[in-house]
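Everything on this sheet refers to the single structure shown next.
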Amino acid sequence: MTALTITSRYTATGPVLEVHGGLDHESAPDLRKAVDGLTLAPGHLLVMDLAALDFCDSSGIAVLLAARNLAGEQGADIVLAAVPANTARILAIVGLDRVFTLHPDTSAATISPAKQTS
């Protein structure tokens, strides 16, 4: 399993966290720390880009849920982008595909609602 690396950047809609490597019980605290260090404001959209995610266990799912809770507490929203098939399957099995909004990629996730209806 590849070591976890997290890259953050900001877009017009809010922060994007790119998660690379394996997300398990050992690395999940690193993602939690990255999420806790974000600046979120009401109306922001936190995008978790999972395109390079190799593996995700229940600890990783718990961090995604914690990120969702944190975003909600701060009046922001969260979406998951480019979710790998194996992780998407797990999300569907436990019903979290109905809790998280899933997008095919970060570009689709960060299109403003006004542009989506044009």
Side-chain angles (χ1 to χ4, degrees):
M1 181 169 49
T2 309
L4 183 73
T5 59
I6 304 156
T7 306
S8 64
R9 61 186 170 89
Y10 282 83
T11 67
T13 59
V16 175
L17 286 182
E18 297 173 358
V19 182
H20 304 261
L23 183 56
D24 61 12
H25 71 281
E26 288 184 22
S27 61
D30 296 334
L31 181 56
R32 178 63 191 246
K33 184 177 177 182
V35 168
D36 288 344
L38 292 174
T39 301
L40 293 171
H44 269 174
L45 179 65
L46 168 57
V47 177
M48 304 289 285
D49 183 340
L50 305 179
L53 185 68
D54 295 337
F55 175 81
C56 183
D57 71 4
S58 60
S59 300
I61 299 294
V63 173
L64 295 177
L65 286 168
R68 180 181 179 271
N69 292 340
L70 178 69
E73 289 169 4
Q74 296 184 14
D77 200 1
I78 184 173
V79 298
L80 305 180
V83 180
N86 57 346
T87 302
R89 182 175 177 270
I90 292 167
L91 293 175
I93 288 170
V94 297
L96 292 176
D97 59 334
R98 294 184 301 265
V99 172
F100 288 103
T101 300
L102 307 179
H103 289 280
D105 55 43
T106 299
S107 296
T110 58
I111 294 173
S112 70
K115 291 182 182 177
Q116 289 178 355
T117 59
S118 299

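Atoms considered below: every heavy atom in the structure, side chains included; atoms not considered: hydrogens, waters and symmetry mates.
The side-chain hydrogen bond (donor to acceptor under 3.5 Å, both in side chains) search around Thr87 returns none, not counting sequence neighbours. For the side chain to side chain contact (heavy atoms under 4.5 Å, CB included) test, residues two or more places apart in sequence or in another chain that qualify with Thr11 are Arg9, Thr13, Val16, Thr110. For Asp24, the side-chain hydrogen bond (donor to acceptor under 3.5 Å, both in side chains) criterion is met by Ser27, not counting sequence neighbours. Residues passing the side chain to side chain contact (heavy atoms under 4.5 Å, CB included) test with Val94 are Leu96, sequence neighbours excluded. Residues passing the side chain to side chain contact (heavy atoms under 4.5 Å, CB included) test with Gln74, sequence neighbours excluded: Leu40, Leu70.
No chain of hydrophobic side-chain contacts below 4.5 Å, direct or via other Ile, Leu, Val, Met, Phe, Trp or Tyr residues, connects Val79 to Leu91. No single ILVMFWY cluster, assembled from side-chain heavy atoms under 4.5 Å apart, contains both Val47 and Val83. Residues Leu23 and Val99 are members of one and the same hydrophobic cluster, defined by side-chain heavy-atom contacts under 4.5 angstrom among Ile, Leu, Val, Met, Phe, Trp and Tyr. In the hydrophobic clustering of ILVMFWY residues, with side-chain heavy atoms under 4.5 Å counting as a link, Leu45 and Phe100 come out apart.
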Check your understanding: Are His20 and Ile6 close enough, and set up right, to give a side-chain contact (heavy atoms from CB on, under 4.5 Å), and what steps lead you there?
Key -> CA-CA 6 Å; His20 304 261; Ile6 304 156; over 6 Å; no

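Closest of all the heavy-atom pairs between Leu4 and Gly22 is CB-O, 3.4 Å. Closest non-hydrogen pair, Ala76 versus Ala41, comes out as CB-O, 3.8 Å.
Evaluation of the side-chain hydrogen bond (donor to acceptor under 3.5 Å, both in side chains) test over residues 38-51, restricted to residues two or more places apart or in two chains, returns Asp49-Thr106. Each salt bridge (Lys or Arg N to Asp or Glu O under 4.0 Å) pair with one or both residues in residues 79-107, not counting sequence neighbours, would appear here, but there are none.
Separation of atoms CG (Leu80) and CG (Leu17) is listed at 11.0 Å; rounding is to 0.5 Å.
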Which donor-acceptor pairs under 3.5 Å do the side chains of residues 51-67 make with protein atoms, sequence neighbours left out?
from	atom 1	to	atom 2	distance (Å)
Asp54	OD2	Thr2	OG1	2.7
Asp57	OD1	Ser59	N	2.8
Asp57	OD1	Gly60	N	3.2
Asp57	OD2	His25	N	3.3

Tell me which donor-acceptor pairs under 3.5 Å the side chains of residues 28-36 have, and how far apart each pair is, sequence neighbours excluded?
from	atom 1	to	atom 2	distance (Å)
Arg32	NE	Asp36	OD1	3.2
Arg32	NE	Asp36	OD2	3.3

